[in-house]
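First listed ligand is number 1; within each ligand, the first listed atom is number 1. Heavy atoms only: backbone and side chains are in, while hydrogens, waters and symmetry mates are out.
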Amino acid sequence: MIYLDYVATTPLSDEIRLTYEKILEKYFANSDSAYSLGYEVSGLLDNARSHIASLLKVRPDELIFTSCASEANNTAIKGVCFQYMNRGKHIITTAVEHSSVMNTFKQLEEVFGFDVDYIGVDEKGHLNLEELKDKMREDTILVSTMYVNNEVGTINPIKKISQIIHEKNPKTKYHVDCVQALGKLPIDLSLCDLATFSAHKIFGLKGSGLLYKNHHTTIVPLINGGQQEFGLRGGTSNAATYIVLAKTMRLALEKQEEHYQYVASLNAFMREELHKRDGIVINSSEDASPFILNISVPHYKPEVIVHDLESSGIYISTRSACTSKKTEISHTLAAMHLDEEVAKSALRISFAHVTTKEECVTFLKALDQSLERVKKQR
Ligand SMILES: Cc1ncc(COP(=O)(O)O)c(C=O)c1O
């Protein structure tokens with residue numbers, strides 16, 4: 001099998017699985033129980049939170065464990081909107097966000113009457129910063145942008161965006177979806193008020209997410225319950241999952257630079273090879289995250305290619321896994337105003353540090369054969 005869809009999810013690392021199994025077996029008690037078994041779990045949880053806080057250079061009480069990044073995005077965005085709606089109901093995001101941000105903004109607009117502006121991008125996915133400047137208002141309470149786009153890999157200039165927001169309205173909260181940046185790019189949380197992360201994109205567990213919320217920001221909780229997570233997310237702590245998140249993040253961050261350089265070399269090799277082929281268009285900009293390479297093969301149905309490659313044991317995708325069952329053009333590619341034929345025929349290839357050059361070579365050969373086969377069938 002050749003797996004080239006690491007942006008959708010990663011396999012669980014053996015090291016994390018073993019640690020998780022050990023913790024699950026031994027530390028089953030409720031971390032809020034007032035006896036030694038509970039205190040023991042609660043102590044491990046505190047250590048994990050402090051460990052993650054030191055990795056991210058924030059305070060432990062600024063971290064909230066969640067079940068996934070989608071939950072963290074919902075908690076951050078709705079939490080801020082409901083908290084600060086008396087100050088204003090204008091909120092801003094981009095036209096290319098993950099569905100967990102996009103649909104949250106749509107709900108706030110359609111159900112809760114918020115006034116939303118969606119900032120556009122150019123044909124390579126770069127955000128229109130002038131438009132952001134123009135759209136910022138006195139009553140703007142929140143801006144939410146991703147760090148790295150999950151379909152084409154475009155990297156948003158978080159520092160510049162943060163400066164624009166603070167110059168235009170220092171009271172506006174800034175949320176950054178860091179899911180596709182964690183373990184890949186440097187993350188400076190002093191530039192934003194809230195940020196979100198997911199474990200299953202970095203060889204960790206599914207059902208494990210994290211929300212950073214700085215201590216100057218208040219949110220209305222989405223899940224009311226007990227005292228867990230500083231009263232901001234009720235429900236008995238999924239302690240074993242939270243505890244292994246610390247190790248998952250440490251492993252991803254300690255080799256970040258090495259992994260980045262390696263994947264950048266694979267990406268450069270793939271780009272060079274793909275450029276040699278007629279009829280293949282590269283949609284990801286040169287300065288995008290090297291972990292994601294979005295290409296199009298105009299006049300071919302991308303689902304057909306994906307399934308044909310699958311028959312050779314090769315896995316890539318057409319777009320974000322969360323929207324893969326939709327048939328229309330991806331909202332990201334539509335926002336990039338690509339030629340319709342290009343936008344309709346997009347394929348997403350994504351790499352990790354475990355991807356080998358041999359896998360890339362095999363993929364390229366299989367793609368050539370697949371295009372021949374599919375063409376003959378048309
Ligand atoms: C940019 C981005 N944000 C959020 C998510 C949601 O993550 P989770 O699966 O943990 O809910 C994803 C997952 O694909 C993503 O790529």
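Of the N and O atoms on the side chains of Gln83 and Lys173, not one donor lies less than 3.5 Å from an acceptor on the other residue.
Taking Glu25 as the reference, nothing meets the salt bridge (Lys or Arg N to Asp or Glu O under 4.0 Å) condition, with sequence neighbours excluded.
In summary, the atoms of ligand 1 found under 4.0 Å from a heavy atom of Asn73, numbered by their order in the structure, are 4 (C). Each of the following atoms of ligand 1 lies closer than 4.0 Å to a heavy atom of His200: 8 (P), 9 (O), 10 (O). Within the listing of ligand 1, atoms 8 (P), 10 (O) sit less than 4.0 angstrom from a heavy atom of Ser198.
Environment of CD in Glu254: crowded, with over 12 heavy atoms of neighbouring residues, nucleotides or ligands closer than 6.0 Å. Environment of CD in Gln163: crowded, with over 12 heavy atoms of neighbouring residues, nucleotides or ligands closer than 6.0 Å.
Within the 4.0 Å heavy-atom cutoff, Glu97 does not count among the residues contacting ligand 1. Ligand 1 does not have Glu71 within reach: every non-hydrogen atom of the residue lies 4.0 Å or more from it. Residue contact annotation: Val101 has no non-hydrogen atom under 4.0 Å from ligand 1.
Within the structure, every pair that satisfies the ring pair (Phe, Tyr, Trp, His ring centres under 6.0 Å) test and touches residues 21-80, not counting sequence neighbours, is listed here: Phe65-Tyr242.
Looking at ligand 1, you won't find any N or O of Cys68 less than 3.5 Å from one of its N or O atoms.
Selection from Lys206, Met146, Gln180, Lys201 by nearest heavy atom to atom 16 (O) of ligand 1 gives Gln180. In this comparison of Val7, Asp177, Thr66, Asn150, the heavy atom closest to atom 2 (C) of ligand 1 sits on Asp177.
With salt bridges taken as basic N to acidic carboxylate O contacts below 4.0 Å, none links Glu109 and Lys106.
The distance between the ring centers of Phe203 and His353 falls below 6.0 angstrom.
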